[in-house]
Structure formats: C-alpha cells, structure tokens
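Letters go in sequence order (proteins before strands), and every chain restarts at 1. Values in this document were obtained by computation on a predicted structure and should not be read as measured data.
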Number of protein chains: 2
Amino acid sequence: MVVDCANCPLRKLDLFEDLTPDGVTFMRRFKSGELKVDAGTTLLMEGSNSPQLFTVLKGMGLRYKLLPEGDRQVVNFVMPGDFLGLQAGVMGEMKHSVEATTPMVLCVFNRSELWNLFKTEPERAFDLTWSASVEEHFLGDALTSVGQMTALQRIGWGLLRFMTRCEALGLAKGARCPFPYRQQDLADALGLSLVHTNKTLMKLRDKQILSVQDGTLSIMDRDQLSTMSPLEVEQPARRPLI
Amino acid sequence: MVVDCANCPLRKLDLFEDLTPDGVTFMRRFKSGELKVDAGTTLLMEGSNSPQLFTVLKGMGLRYKLLPEGDRQVVNFVMPGDFLGLQAGVMGEMKHSVEATTPMVLCVFNRSELWNLFKTEPERAFDLTWSASVEEHFLGDALTSVGQMTALQRIGWGLLRFMTRCEALGLAKGARCPFPYRQQDLADALGLSLVHTNKTLMKLRDKQILSVQDGTLSIMDRDQLSTMSPLEVEQPARRPLI
DNA sequence: CGGAACATTGATAGAGCTCAAGGAACGTGG
DNA sequence: CCACGTTCCTTGAGCTCTATCAATGTTCCG
C-alpha cells in the first residue's frame, strides 16, 4: 500500500540524487506514513505550527500568502519531490499556506524526528539545507520576474519554467505537460490581474508560442519563448530528495 | 585585532540566540579570519563558486541579480548578522551577487569546513537551515509586496521593515536609523522606476510619515505607516547567529 | 572650474487595472 | 431531461498608476 523508500519512484529520476543503503534505512524510519488528499485541501496554513512534514509524491498544489483585503500572492507551484513544512520545522511557524490543486499523495514525516535527523544523519541535514536553498533561489528568480519584467515576459518565463520542471520530473509528453491551475492562480503568482493574464495568454496563443487549455500547457515555439524573457530558465540541477 | 567568537558583539543582542561553550569553541575553529572591505566591493558574484562563507559583522550591502539588458533586481538588503554564501556552499554556485554598500567587516569561514560542520555540529547545521528558512521567508514577503501592492505601500512596507531590522540590531536611535542606499537601490528592490520612487518618497515626506535624507531614514508617523500596507511588518524573531 | 553622481521635477505615454458583461462547461436537483 | 447555479474563461471600454523622457538642481571632488 505504502511506497517503500527503497523503491521510491521519484528517486529513480535523474533529477534526484541516489541514496546510500543507510540513507534508505533512515528515511524508512523517518517516514511515518502516507497521506492522500483531495483537490482543494489545505495542507499547511500560514501561522500554524504543523507537527508534520511532507514530501510530495504525486499531484500538484500551490504555496501562497493571503492578504487581509483578499489579495493573494502565489509563492510557488508545488510539484512532486517538493518538501513542505520546513519553515514550521525550524522556525516554528509556516510563513505561507500550502493547498492541493489536484488530488495529492504525500510522504509524511514526524517533525519530532527532525532534530534526530540533524543529530544522526548529517547527509540528510545537508540535503534539507540544500532544499531550503533551492527554494530561496527560486524565490529570488520569481521576485526578479515580477519586479523587472513585462506581463508577456513574466507569463512566458513562468510557463517555460513550469514546463522545464515538469520535464525533469518526467511529467511532460513532447511539448505538453499538465497544468492544473486556473488563470487566476497564474495571475496571482505573477502579480498580474486575471483579465490581463487572460489577454496575454491569448496573445501568446495567437502568436503560436504556447497555449494553456484543458489543464494542459503546450509549448509550440520554445525558441521564441526563451528569447522573450531577460531571465533565463535554467535546467533544474540534480538535487537531493528528502 | 580579530573578534573572538566568545565576545562576538552581535551575539550580545537579544535578537540572537546564545551559544553553548562547545558551540563557541567550534565557531572559533570554523572562523578562518576577518575581512574588511571598502564600499562598492563585490563580495560574491552570481554564478561563482566562492570558497568562502561570510557572516556580516559590520556595515551594509545588497544582494542583487543583474539582467542582460542592465536591469537589476535587489533581492535583499544585507545587514549585520546575515550569512552570505550559503547557496554556493550547498548548491555549488551563487544565484545572486552580493555587494558592499558601506565599508564592511565580515567573519570569514572556509567552505571546506562546511561539511565538517554538518557532521560534528548538528546544532550549527540546524542553525544554517534556519538561516536559509528565514531568508526564504523574507523573499516570500518581498515577492508579495512587489506582486500585490502599490508603489506607496511597497515603499512604506520596505522602509518600515528596514527600520524594524535596524532596531533589532541596535542600529536605530529613536525613530532614525542609517540608510546608506541610493533611491535607485530602493527602486530596484521594489520593482519601481527611479523617478516614481523619488516622487513617492516626496509624498511620504510631505505627509510627514517618513523621510530619507543624508543616509538616514526617519520615521515620523509609524502608526500611519504600518496601516498603509496590507502586509504586516513582523518583529524579527529570535534566531541563531552563524 | 568642470565633471560625476545623485536627487528632483514636469510632461507625456502606455502597460496593466477595474468594471461590466457574456459565454462555455459542468454538476445538481426537480 | 431540462433548468439553474457555479466556476472559469473571454472580451470590450475607460481610466490610473507607473514608466519613460528630458531637464534642472545640488553636492562633492579632483
């Protein structure tokens, strides 16, 4: 029923680093179970202090912050392999919420074991720090995108980046990948209004560069897409999987 | 000449957590020296793989990313207590540059010792992860600010946040603190043009809310300032110092 | 004195927001 | 099986915030 860490389907991907047998043994003990949730479930809430940490096995979601007036900033798209809850784990409180956009399956870890991890598994601890750095890197890029680019560039960059992540996870088929989000979600991620996001997507579709339809993102002209934005979309580096 | 970790002036602040005697011993060994740099020095360069890690002892700087067309996104203001170079330390490459805005004094650590730190000092490793999480948290807030707020709100939020950090570091006197940055730096941090930043600052000065002059930020009406922005400026939490 | 760096100001234009409405797809209950 | 509500996508019109362009002012320094 539950996936054994030794056979973790994610770790088979080139994207993720291999684990020593000892590492597997520890992960097995660290893992306290699996969680399946419906689309729409809130996994972690801003300000909360969840006793659980997660690694995404399947499905997609959103990290976001809500503002009092109802505005929302989507901080990142959540995909398989992402580690959730680290902030609560070390700082004692989540600084953003996480919500499932599709049904999801998650590996569950006990926060109480986190300290144990640092004490007995320095490799894993290093990996955690790596995770946090990767996230920080992404946020720096996102900030640059929202701060310095036009709507067309932001959307181009954001969707190309999404496709690139999907490819690294083996979720893409040809130039297509799943995109379970609403235009509103994309707008909130890029600091744009829904209406303008829609019109910009139309423009990209008319130009035969990309299209988002029926939960699928298709990139028709990747070359042109990548020259549109001043911020390069990097190939995701091989990284540890927690 | 060189500050002994046991007498680190920063650690005396309430903001930073205390260290056990063993912790001090390790930090002493980890620390390989001090570095004094002039204003304008580039400490770390995007894409580089610096062999050194730093903790800021004195002075201020900027983290930023450059875009090919000359645009720049300031990712954060660098202040005493900040840890620099973690990305290169774990991912092998800096994802942004760091530059000194004022003369600075930095604690220098050898990157080669980093792995040793994880192996023998789990408390310190935990602290590093904490650092990365704090930075991630800040970036999330910055993204929210740039993505969802007006120019007036962004500048109000950004400067209030800066003042709050200064206060926690004991750098503020009354409602004043040093602000060694140019308006262009602030503009690049908030995703605004220089001209509009200037006009918005004028507005805030006319309204007697705050002023930035002669390298000093003065907040005249903190209550009004904090109600302007939909994103609250939090009191910095007590955190470890590396 | 001349130049460099930064702050300030006015005028103009445009990117993106808001408002308002309509259409398509889908599930639910009568 | 149809009516209706809900959710999301699409489109048009008008307006505002912010960018851009272009000068001028100020301070400081060689």
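Atoms NZ and CG, from A/K199 and A/L192 in turn, are 13.0 Å apart once rounded to the nearest 0.5 Å. Remark: A/L53 CG to A/K31 NZ distance equals 14.0 Å, nearest 0.5 Å.
End-to-end axis angle for the helix from C/dC1-D/dG30 to C/dG30-D/dC1, using five pairs per end and rounding to 10°, comes out at 30°.
Among the heavy atoms of the strands lying under 4.0 Å from B/G191 are primed sugar atoms or P, OP1, OP2 only; no base atom is included.
Listed by residue number, there are no residues of residues 140-159 of chain B with a heavy-atom contact under 4.0 Å to DNA chain C. Of the residues in residues 201-214 of chain B, those lying under 4.0 Å from DNA chain C by heavy-atom distance are B/M202, B/R205.
Going from atom CD of B/Q183 over to atom C1' of D/dG25 covers 14 Å, rounded to whole Å. Rounded to an integer number of Å, the gap from B/L186 CG to D/dT18 P is 14 Å. Whole-Å rounding puts the B/K199 NZ to C/dA7 C1' distance at 12 Å. With rounding to whole Å, A/H196 atom NE2 is found 14 Å from D/dA13 atom C1'. Across the protein-nucleic acid pair, B/E69 atom CD and D/dT20 atom C1' stand 15 Å apart, rounded to whole Å. For the pair A/L194 CG and D/dC9 P, the interatomic distance rounds to 7 Å; values are reported in whole Å. In this entry the distance linking CD of A/Q184 with P of D/dC9 reads 9 Å, nearest Å. Distance B/L192 CG to D/dA19 C1': 10 Å, rounded to the nearest Å.
Aromatic pair A/Y181/A/F77: centroids less than 6.0 angstrom apart.
For the side-chain contact (heavy atoms from CB on, under 4.5 Å) test, residues two or more places apart in sequence or in another chain that qualify with B/L66 are B/Y64, B/R72. Considering only residues two or more places apart in sequence or on other chains, B/S218 meets the side-chain contact (heavy atoms from CB on, under 4.5 Å) condition with B/R176, B/S211, B/T216, B/M220. Annotation: side-chain contact (heavy atoms from CB on, under 4.5 Å) contacts of B/D141 (sequence neighbours excluded): A/K65, B/H137, B/W157, B/L231, B/E234.
Other residues, nucleotides and ligands contribute at most 12 non-hydrogen atoms within 6.0 Å of the CG atom of B/D14. By the 6.0 Å contact criterion, CG on B/D206 is enclosed, its count of non-hydrogen atoms from other residues, nucleotides or ligands being greater than 12. Around NZ of A/K207, the count of heavy atoms belonging to other residues, nucleotides or ligands within 6.0 Å does not exceed 12.
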Quick one: do A/F109 and A/F54 satisfy ring pair (Phe, Tyr, Trp, His ring centres under 6.0 Å)? Show the steps, please.
CA-CA 6 Å; A/F109 309 103; A/F54 307 105; 8.5 Å; no
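Judged by distance alone, the side chains of A/N76 and A/E135 do bring a donor and an acceptor atom under 3.5 Å apart.
Regarding contacts with the backbone of D/dT10, a side-chain N or O of A/N198 is found under 4.0 angstrom from either OP1 or OP2.
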